[in-house]
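Atoms considered below: every heavy atom in the structure, side chains included; atoms not considered: hydrogens, waters and symmetry mates. Source: prediction; values computed, not measured. Below, chain A is the first sequence line, B the second, and so on; all start at residue 1.
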Protein chains: 2
Amino acid sequence: MKIENRITKMLGVDYPIVQAPMGWIARAQLASAVSNAGGLGIIETSSGRLDEVREEVKKMRSLTSKPFGVNIAQAFVRDPGIVQFVIDQGVKFVTTSAGDPQKYCSALKQAGLTVFHVVPSLKTAQRAVEAGVDGLVVEGGEGGGFKNPREVATMVLLPLVCEKVNVPVIAAGGMVDGRTMAAAFALGAEGIQMGTRMVSSAESPVHQNWKNMILNAQETDTVFLNRFGPGPALRALRTEKTTKFEKEPPANIMGEFGKALDLYFGGDMEASIALSGQVAGRIDEVKPVAQIIGETIAEFEETIVQLERKYAH
Amino acid sequence: MKIENRITKMLGVDYPIVQAPMGWIARAQLASAVSNAGGLGIIETSSGRLDEVREEVKKMRSLTSKPFGVNIAQAFVRDPGIVQFVIDQGVKFVTTSAGDPQKYCSALKQAGLTVFHVVPSLKTAQRAVEAGVDGLVVEGGEGGGFKNPREVATMVLLPLVCEKVNVPVIAAGGMVDGRTMAAAFALGAEGIQMGTRMVSSAESPVHQNWKNMILNAQETDTVFLNRFGPGPALRALRTEKTTKFEKEPPANIMGEFGKALDLYFGGDMEASIALSGQVAGRIDEVKPVAQIIGETIAEFEETIVQLERKYAH
């Protein structure tokens, strides 16, 4: 059964479950599986490899007839041509992140795209709404990847933003199953975004070593790095390297991603930094995307029905 | 209308809302207001002033006929007589925290008390269950006070623990209203604990300067201190002092609490460290405890009913 709310209507999907735009990973193989399962697959641009991204978008059209989106990671793709690039791909949905929402919003909206901006605080959420975005991805500090150095947990940030803005909100950070989806909806969200759960899915292209490290991780096995800069703060899996960086970050944290592909696809977990959310501690099995989405929706519905039966007067 | 589940039955209360055991603050004036409003007030021992605590327990009996509890903060009260002290007070409910759950559990249970242990991870939760506790307080890293140095957000920790243990769980960290209560229940909890919301209540004995700082705080205005020890990690409001400590903690963080009373009751916010959760960013008004609890229960019920109406098939 479809879910009907502002997010599924705007995105044209059956289920308000969006896949996070992980650099190098959020490409056609994974994103098409998400879209085909009724969610929304997103193609990344943060790798900066726009020629490859163009090919991935083409592949998407052969792999799925369902809607999908593209992310613009503003801090990583500073090319002013990125807006025209995204418009040229013909997608209808774009998320912008890691930068000022006012920069690209009006150009993207004039071209007819639906624009969601990713925000880590109330102040940035309000700024994005002023810029005219159609909705927000509200990202709690427990999530993986590049983060606001003053990170705020989903349990606090999500209801705060939802009670102060009127645009629809997709919750990110901690989202991994139907219970967390129900919690996010109780806090005011109308959709969820999954990152680490998708990195560890069957269709994810990353090396099995990375997936195994997620399966074996405890909930305490991520680190928050580089809070004081320079460069971005981030959350990643705990390894020898990142445990060292937790106390003493390198002078240039982005330099550590020079060998990212040796980790992502070569499986050398000490070659670079494996971005991950705390939900690594809740993932014990590699599953196909369709199963992840199907189980999430079923558990979401069961959870809200049980709550109502048990506690409504 | 009362809420009926394992927590309200065990505690003998109308509503499964517990007040956190803040040192010096969780005394009769505040705790009796919580118990009289249908929740569970808790008297602290972490101040170490057991003579004063004894008087506070006596005051409780004159201020309320409802159940209340006592907390044993094991790291702060190392006196082996603490167990007998608590038993002698005649309370039926005790939370143990900041220490090994096996240390006091069997003695307290043999004396007929209901024992909940406060845990920051799955491993400590499982150890507490092995020790025979009646239930758990599962404390996410967004909460204020003394913390596990590897903090995990409620959105991740709470469902992880709830799906792996069978004892009832009280959620702490991020709990401030009916929406967060509904989210916690969706994640498997049967009760919630509020700290910062109670510190900023009308009946809280702290200086108005502290309450005002909570009202004015943004969600990004807490700091996580002393992750690498020695001594405990903690979450507190951002001030000049704690901003400095965030980068360079003092050699002995506990020494900073020598002047705690100048901050707590004298209102000098730079005299010590004002422990607080991230929910400070969601609190805009000082309210009486009865109003906090009444609004929380009403919003909780409205939230679960609306979710079911909108999304159940």
J.: Which residue out of B:Gln218, B:Arg238, B:Glu163 racks up the most heavy-atom pairs below 4.5 Å with chain A?
T.: B:Arg238
J.: Which residue, B:Glu142, B:Arg179, B:Arg282, forms the side chain to side chain contact (heavy atoms under 4.5 Å, CB included) with A:Met155?
T.: B:Glu142
J.: Which atoms of B:Glu246 come close to chain A, meaning under 4.5 Å heavy atom to heavy atom: side chain ones, backbone ones, both, or neither?
T.: both
J.: Okay, side chain of B:Gln278, backbone of A:Ala153: is any donor-acceptor separation there less than 3.5 Å?
T.: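 Present.
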J.: So which residue, A:Leu158, A:Leu157, A:Thr180, ends up with the most heavy-atom pairs under 4.5 Å with chain B?
T.: A:Thr180
J.: Apply side-chain contact (heavy atoms from CB on, under 4.5 Å) to residues A:Tyr311 and B:Glu301 and explain how you reach the verdict.
T.: CA-CA 7 Å; A:Tyr311 292 110; B:Glu301 299 204 347; 5.8 Å; no
J.: May I ask you to decide if B:Lys2's main-chain N or O and A:His313's side chain share a donor-acceptor pair within less than 3.5 Å?
T.: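 Confirmed, A:His313 side chain pairs with B:Lys2 backbone.
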J.: Using a 3.5 Å distance criterion without hydrogens, assess whether the side chain of A:Glu219 forms a donor-acceptor pair with backbone atoms of B:Val152.
T.: no
J.: Restricting to non-hydrogen atoms, name the atom on B:Ala183 and the atom on A:Ala186 that form the minimum distance, rounded to 0.1 Å.
T.: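 Heavy-atom minimum between the residues: N-CB, 3.9 Å.
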J.: For B:Lys247, which atoms come within 4.5 Å of any heavy atom of chain A: side chain, backbone, both, or neither?
T.: both
J.: Decide yes or no on salt bridge (charged side-chain N to carboxylate O under 4.0 Å, His left out) for A:Lys123 and B:Asp221, but give the supporting numbers first.
T.: CA-CA 12 Å; A:Lys123 200 175 275 182; B:Asp221 285 339; over 6 Å; no
J.: Can you pull out the residues in residues 166-178 of chain A with any heavy atom less than 4.5 Å from chain B?
T.: A:Gly173, A:Gly174, A:Met175
J.: Could you pull out the closest heavy-atom pair between A:Thr220 and B:Ser121, with the gap in Å?
T.: CG2-CB, 4.4 Å
J.: If you count heavy-atom pairs under 4.5 Å with chain B, which of A:Leu187, A:Asn148, A:Asn5, A:Thr154 comes out on top?
T.: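 When all of A:Leu187, A:Asn148, A:Asn5, A:Thr154 are compared, A:Leu187 has the most.
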J.: Just so I understand: if I count every heavy-atom pair under 4.5 Å between each of B:Gly141, B:Ala312, B:Pro159 and chain A, which residue has the most?
T.: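 Answer, by heavy-atom pair count under 4.5 Å with chain A: B:Pro159.
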J.: Can you give me the closest heavy-atom contact between B:Leu160 and A:Gly281, atom names plus distance?
T.: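 What the structure gives for the nearest pair is CD1-O, 3.5 Å.
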J.: Please classify the contact of A:Phe228 with chain B as side chain, backbone, both or neither, using a heavy-atom distance under 4.5 Å.
T.: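 Contact with chain B is through the side chain of A:Phe228 alone.
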J.: Take atom CD in A:Glu4; do more than 12 heavy atoms of anything else shown fall under 6.0 Å from it?
T.: no
J.: Is chain B contacted by the side chain of A:Leu307, its backbone, both, or neither, given a heavy-atom distance below 4.5 Å?
T.: both
J.: Determine, stepwise, if the pair B:Gln306 / A:Glu308 fulfils side-chain contact (heavy atoms from CB on, under 4.5 Å).
T.: CA-CA 9 Å; B:Gln306 292 301 325; A:Glu308 197 269 349; over 6 Å; no
J.: Which bit of B:Arg309 is near chain A, if near means a heavy-atom gap under 4.5 Å: side chain, backbone, both or neither?
T.: neither
J.: What part of B:Leu122 lies closer than 4.5 angstrom to a heavy atom of chain A: side chain, backbone, both or neither?
T.: both
J.: Do B:Ile304 and A:Ile304 come close enough that some side-chain heavy atom pair is under 4.5 Å?
T.: no
J.: Is chain B contacted by the side chain of A:Phe224, its backbone, both, or neither, given a heavy-atom distance below 4.5 Å?
T.: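 Interface part for A:Phe224: neither.
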J.: Between B:Thr303 and chain A, with a heavy-atom cut-off of 4.5 Å, which part of the residue counts as in contact: side chain, backbone, both or neither?
T.: side chain
